[in-house]
There are 2 protein chains.
Amino acid sequence: MAARYIQIKNAIKKQILSNTWQVGEKIPSERELAAEHGVTRVTLQKAMHMLEQEGLIERIHGKGMFVTRAIEDDVFMLNDGTSDSVQGFSREFREQAKISSRLICHQLLPADKTVSRHLEINEGEPVHFIRRVRLIDGEPVLVEDSWINRSVIPVIPSKILEEGSLYEYIEHTTSKKIKFYSSVIEGDLFGDELAGLLSIQPGRPMLKVSGVTKLEDGTAFNYSFSYNRADKFKIKNNWVGK
Amino acid sequence: MAARYIQIKNAIKKQILSNTWQVGEKIPSERELAAEHGVTRVTLQKAMHMLEQEGLIERIHGKGMFVTRAIEDDVFMLNDGTSDSVQGFSREFREQAKISSRLICHQLLPADKTVSRHLEINEGEPVHFIRRVRLIDGEPVLVEDSWINRSVIPVIPSKILEEGSLYEYIEHTTSKKIKFYSSVIEGDLFGDELAGLLSIQPGRPMLKVSGVTKLEDGTAFNYSFSYNRADKFKIKNNWVGK
DNA sequence: TAGTGGTCTAGACCACCTG
DNA sequence: AGGTGGTCTAGACCACTAG
């Protein structure tokens with residue numbers, strides 16, 4: 001049972017996406033929407049603040065709330081922290097396109113200094129190391145290296161790595177939600193090895209995203225690097241003041 | 001007079017940064033901190049949620065709130081939406097390093113289709129076009145192109161563009177705060193022209209950030225592209241669930 | 001069981017915008 | 001003046017974690 005403000009957020013989001021109001025049009029006031037959904041203003045505000053963060057509405061003090069123009073897209077948008085939950089690559093894109101994975105490597109390795117620091121475990125402790133090439137509609141678009149905390153998931157079926165969603169598998173086996181994802185975005189060029197895995201020329205631009213993913217109880221379970229073809233991905237970011 | 005939760009956020013942030021608690025240590029509970037600052041839990045929670053978003057603390061249901069390890073840095077972090085306000089390049093970095101600008105171009109141009117759409121004005125309406133090279137400690141690190149709504153700031157002194165902070169100038173002359181910044185991050189390679197302006201080799205990687213900046217009354221006043229040397233900048237992103 | 005964060009209510013007052 | 005979002009109070013109950 002999701003929180004009331006999440007339900008309301010999704011309900012209003014659905015209304016916006018189904019063009020209940022025109023772009024730029026004023027939507028009902030907080031007080032009206034609160035009454036309509038049978039909640040107080042504070043609860044409704046939590047929902048609306050999320051929609052503002054997601055870039056669907058604009059809130060203007062003294063004026064009201066307005067529908068924002070939806071952003072058009074030619075390339076894929078990496079998760080920018082505007083959805084309810086961290087999806088992971090598979091869940092993020094499987095609605096939009098046929099995604100698949102090629103498992104390059106899966107073994108247990110002792111954690112080095114960097115990995116152990118990010119996973120908050122002792123250096124030398126064995127962790128899963130996984131390298132996968134991810135494909136969208138059969139075309140390789142990124143290489144992802146993951147170091148995964150073995151105490152969170154002792155075994156990872158290869159089937160999951162090749163066909164399923166790892167995050168879904170983890171949420172299922174641990175019965176805990178994913179709660180936190182901290183990432184750093186950098187630009188770089190593809191070198192020979194990674195370019196080879198993606199069948200592209202070395203020297204092409206990449207968006208490198210590295211980060212740590214945690215469960216709701218604070219356990220860090222995944223430290224990852226993904227090397228994305230810059231011609232296939234963008235990252236959107238909304239900043240809302242106050 | 002800033003809101004109470006902003007003051008409290010900054011006060012606790014200061015405590016964290018001055019090592020009042022160790023990294024990983026539990027800080028006082030919401031109820032304690034609320035009593036200490038003389039506010040209710042909801043108000044205190046707004047402050048703590050911001051600190052969580054900024055990556056300074058971790059909130060774990062049933063356990064408490066914990067200080068997060070501060071991130072170490074070798075390169076400059078572009079604004080990731082975790083500060084109170086959009087600073088702009090000058091304000092963002094002038095505490096950390098000697099920043100300066102080289103004004104390449106400043107003229108009025110009719111807005112083309114893209115610019116007019118982002119600034120929410122009519123096509124053909126004249127806008128400021130500004131190209132600047134930004135330097136950190138005397139080294140050119142990025143090229144920024146800005147299209148600025150002339151109805152928001154009719155004239156822009158060249159002195160501001162070369163020495164001061166444009167955003168500060170705009171907040172001052174309009175007496176409105178900057179409220180919204182929506183950006184898209186892409187990776188690319190430097191071509192001859194931009195590489196020449198930065199005195200680097202063409203083909204080096206860039207982080208391209210484009211976006212729109214708005215005032216608190218919803219007026220879009222700046223549409224910009226910045227071409228950042230990827231070896232000088234990173235972008236940090238925190239995602240917190242729910 | 002006691003303590004923690006997560007959610008929600010039913011008000012209130014303020015700051016801002018428009019006619 | 002009337003409507004809008006922004007902030008805040010003083011409670012309440014729930015869900016999760018620990019000993």
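The sequence lines fix the lettering, A, B, ..., with proteins before strands; numbering per chain opens at 1.
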Margin query: What contact category does B/Met48 fall into here, base, sugar-phosphate, or nothing, at under 4.0 angstrom with non-hydrogen atoms?
Written below: nothing
Item checked: Ionic contact status for B/Glu171 with B/Lys176, cut-off 4.0 Å -> no
Check: With a 4.0 Å cut-off on heavy atoms, is A/Arg4 in touch with a base, just the backbone sugar-phosphate, or nothing at all?
Finding: sugar-phosphate
Item checked: Between B/Ser183 and A/Asn237, a side-chain donor and acceptor under 3.5 Å -> no
Item checked: Toward the 5' end of DNA chain C, by each residue's nearest nucleotide, B/His61 or B/Glu216 -> B/His61
Item checked: Among A/Glu54, A/Glu58, A/Glu52, the one residue meeting side-chain contact (heavy atoms from CB on, under 4.5 Å) with A/Val240 -> A/Glu52
Next item on the list: Output every pair passing ring pair (Phe, Tyr, Trp, His ring centres under 6.0 Å) with a member in residues 30-68 of chain B, not counting sequence neighbours, ordered by first then second residue.
Entry: none
Margin query: Could you check, using the six-membered ring where one of them is a Trp, whether B/Phe221 and B/Tyr223 have ring centers closer than 6.0 angstrom?
Written below: no
Notebook entry, point to check: Start at the 5' end of DNA chain C and walk down; is the nucleotide closest to A/Arg41 or to A/Lys63 reached first?
Noted result: A/Arg41
Next item on the list: Give, ordered by number, those residues of residues 27-39 of chain B having at least one heavy-atom distance below 4.0 Å to an atom of DNA chain C; if nothing qualifies, reply none.
Entry: B/Ser29, B/Glu30, B/Arg31, B/Glu32
Next item on the list: Any strand is fair game: report the nucleotide pairing with D/dG19 by Watson-Crick or G-U wobble, both distances under 3.5 Å, or none.
Entry: none
Notebook entry, point to check: Between which nucleotides of DNA chain C, read 5' to 3', does contact with chain A run, using atoms under 4.0 Å from its heavy atoms?
Noted result: C/dT7 to C/dT18
Margin query: Rounded to the nearest 0.5 Å, what separates atom CD in B/Glu36 from atom CG in B/Leu44?
Written below: 9.0 Å
Check: Do the side-chain N and O atoms of A/Asn222 and A/Tyr167 include a donor-acceptor pair separated by under 3.5 angstrom?
Finding: yes
